[in-house]
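Notes follow once the structure below has been shown.
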Amino acid sequence: MARSGTLAGPRRRNGMGLARREAMMGLLLVSPWLLGFLIFTLGPMVASLWFSFCEYKVIQPPRWIGLGNYQRMFTDDLFYKSLSVTTRYTLVSVPLGILAALAVAVLLNQNVPGARVIRTIFYLPSVVSGVAVALVFSWIFNYRFGILNYVIGLFGIRGPDWLGRPQWALWAFILMSLWGIGGNMIILLAALQGVPVSLHEAAEIDGANSFVRFWTITMPMISPALLLVTIMSIIGSWQVFTSAYIMTGGGPAYATLFYLLYLYRNAFSWFEMGYASAMAWVLFVIILVCTLLTLRGSQSLVHYEGA
Amino acid sequence: MNVHRSISRRRFLRLGGSAVAAGVLAACAPPAGAPSATTAPAKGTVAAEEPVGAQPTAAYEQGELYVLVCCSGPEEQEAKNEFGQRFSEAHPGATVRLEPMPAGQNYFEKLQTVIAAGTAPDVYDMWEGYVQPYAKNGALLNLEPYLEKDAKLKKSDLWEGALEAVSWQGDLYAMLICIMPGPVSLYYNKPLLDAVGVSYPTSDWTWNQVRDAAIKLTVDSNGDGEPEQYGLVFDNWFVPWTYWIWSNGGDVFADNDTRCALTDPKAYGAIQYWADLVVRDKCAPTASVQSTMQGSMNMFKSDMAALYLGNCWDLAGLNDARTQGLDWGACLAPKANDGNRVFYQHTWCWGIWPGSKKQNLAWEYVRDFVTDEKMITAFNTFQKAFPGVKALLHTFTTPETEALGWTAIVDIVGDPKKLRYPGSGAKWDKISSMIQAEWDLVFVGDKTAEQAAKDVCPVVEEELARA
């Protein structure tokens, strides 16, 4: 009996037991991430969803008001203003940034001496602190002593008061967004380098010029990467905060009141954490819808190799 | 026995869900030590009558008093540290932990966050605009019961007229430390005035005189329309513009803070007058130029502006500049052209967390702080502020104050017609930012002040009406 028991034991452990052990081990190994996710991401998310239905002045416990915060958005001029500023920024900065990133990636994909160094230089701005960038750009856009207006002045044009006039301030932020194209550029460059040379060679033999080759071969081949950077850029453009907070504080005359800045003001300056939470969830929905629309709209444009 | 138990997906999700729910409930729960509506001092803990600095009663709680301090410069911080040391020595068993936050950091965001997290300080710095919203939301201890029973400090020892800014529904919720009229001073650069033969301004100057002088003092040597030296610089935020609107007989609110009064010609006329200095006369810089030069005071310190409408807290920086060769003088901020002058009342005060476990100790700390002559004298050496306790008036009225022309403030402290605080209580911060956005357009010439007032008033009234 003892012997058969001994034999039966390992058999059980090697069967069902092994699967359980592996499951336990798997859970154990992912538990740091899992706990972090539950406590620091999912927990606050669920809490903010709850707060969005409450009047929550931060220094007092939340009080349930149902859809009050969401209803308030319909009559809040500043909400619409922040939505308008951010939408206009997205509509211009995202295509502009992708085009710039693609142009730089194409140039860096050529066989030129020092290409690796140049790539690093182009990527470096992406890792610089947002606060430092904002401070530097405050000076670049300075209308009396800034380098931008100095360069414009060389062509006999008097540069505008970029950050001081409502009609120019958003353009300054759009121009500034080009500073961070390094991340997208690297993704697109990687995609460009994945395009088989043989396809280009075959097309070249068939008499296709470089534009036709780029349009009919390169673009379809890098379209998944383009889709990725488009979605990432849209998400990023709805999350502009640091630069606006530091450079203009949302002014002049709310011309740079980005959505996230207005959300922050409600949460931390005006004791409106409930309203800010509702705004956060609306932002979540906006980003989700933008992403889904982009995915859906790109179905016929994106070429997946082997699909 | 089989000790290996599998965790089913359902059980796993249930556990996870419970954890999240617990987190949510914890987040929704009131912070530890959440305040009751009015927290009275514990029975038998009233301090006995005694002079300032004498041994306190044994009624205070033992342990560490956590004090959050805003915006102190190094000298001010040193003075506070020293006071904390003396307070600890006078209160055996009690220590003071000061947590200073330098100016420019988000003090109130930090305060709000620690309160929400249930780790509020026992005592914290407060300012006029925050007392009412904090009191309304139960984040400040009602000090009336303490004040009523305290033998050392009575409400009548404070400047009654200045108490509105630190009160809520008639009760005192923050302890008045100092009052700072804003903008208190017109600073002037003597050599620049001498160079064009402009006489030094006096406390009797009106704004027409300032305007005439500023135009003479403005220098555009290369004729590009952008002066290299401006006659005048002033900040464009609510303290200067409320001073200017009130001095001109206008107001921001009317009908007990239910209506916006900016459409009154006296109010928008005042703003237009100032905007004309910037846009039409070009004798004062735009906000952009000020920002370029790292602020209005830096423009004055670097000879880019001859006159500067400034504040009492500029004094330390300007005294430093004097040691480096800047020859400047000062007088009281100019009067409106009809001779009226109404200042904004900055109010520095202490608040006590209603959930504090050391309320008696906290009370003794704030009481001793505001009545401590050494502390208030030290404070008045590096900037000038009017002490909240009447008996310490002499710390303000020094020969230096006389030289600055600020002694006239003594006559107006406590006069709500001359030293005011804007209405709308908890909503002022938001409403002032709404108004500021419109004034921004006026000060770059994109709108008239009249139009801006017409545009902003409906929004302001909507905000006033919102519960």
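Atom set for the values below is all heavy atoms of this structure, side chains included, hydrogens, waters and symmetry mates excluded. Sequence lines set the chain letters: A, B, ... in the order given, protein chains first and strands last, and positions in each chain run from 1.
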Whatever's closer than 4.5 Å to a heavy atom in chain B on Trp162(A) counts as neither

Residue from Val289(B), Leu111(B), Thr113(B), Thr286(B) scoring the most non-hydrogen pairs under 4.5 Å with chain A is Val289(B)

Whatever's closer than 4.5 Å to a heavy atom in chain B on Ala267(A) counts as backbone

(Q) When you compare the side chains of Tyr254(A) and Glu438(B), does any donor N or O come within less than 3.5 Å of an acceptor on the partner? (A) no

So, the part of Gln436(B) with a heavy atom under 4.5 Å from chain A: the answer is neither

Closest heavy-atom pair, Pro166(A) versus Leu441(B), reported as atoms and distance to 0.1 Å, is CG-CD2, 3.2 Å

Between Ser288(B) and Leu163(A), the two heavy atoms sitting closest are OG-C, 4.4 Å

If one checks every heavy atom of Val459(B) against chain A at 4.5 Å, the contacting part turns out to be side chain

In this structure, CZ of Arg165(A) is separated from CG of Asp446(B) (nearest 0.5 Å) by 4.0 Å

When the 4.5 angstrom heavy-atom criterion is applied to Arg158(A) and chain B, the contacting part is side chain

Among residues 80-93 of chain A, those lying within the under-4.5 Å heavy-atom range of chain B are none

In terms of heavy-atom contacts, Glu226(B) and Arg144(A) come closest through O-NH2, 3.4 Å

If one checks every heavy atom of Tyr134(B) against chain A at 4.5 Å, the contacting part turns out to be both

Okay, Phe37(A) and chain B: the region with an atom under 4.5 Å from a heavy atom over there is neither

In this structure, OG of Ser291(B) is separated from CE of Met247(A) (nearest 0.5 Å) by 9.5 Å

Are more than 12 heavy atoms from other residues, nucleotides or ligands located less than 6.0 Å from atom CD1 of Ile147(A)? no

When the 4.5 angstrom heavy-atom criterion is applied to Gln294(B) and chain A, the contacting part is side chain

Separation between CD1 (Ile431(B)) and CH2 (Trp270(A)), nearest 0.5 Å, reads 10.5 Å

If one checks every heavy atom of Asp76(A) against chain B at 4.5 Å, the contacting part turns out to be neither

Please determine whether a side-chain nitrogen of the Lys or Arg among Arg466(B) and Glu272(A) lies less than 4.0 Å from a carboxylate oxygen of the Asp or Glu. yes

d(Phe271(A) CZ, Lys430(B) NZ) to nearest 0.5 Å is 13.0 Å

Original post:
Above 12 or not: heavy atoms from other molecules or residues under 6.0 Å from OH of Tyr150(A)?
Top reply: no

When the 4.5 angstrom heavy-atom criterion is applied to Ser433(B) and chain A, the contacting part is both

In terms of heavy-atom contacts, does CH2 of Trp237(B) have more than 12 from other residues, nucleotides or ligands at under 6.0 Å?
yes

Going by heavy atoms in the side chains, are Asp429(B) and Ser269(A) under 4.5 Å from each other?
-> yes

Looking only at Ile39(A), Leu78(A), Asn142(A), the option with the highest number of non-hydrogen pairs under 4.5 Å against chain B is Asn142(A)

Are the side chains of Phe145(A) and Met293(B) in contact, using a 4.5 Å heavy-atom criterion? yes

Should we count NZ of Lys282(B) as having more than 12 external heavy atoms under 6.0 Å? no

For Glu462(B) and Thr75(A), the nearest pair of non-hydrogen atoms, with its separation, is OE2-O, 3.3 Å

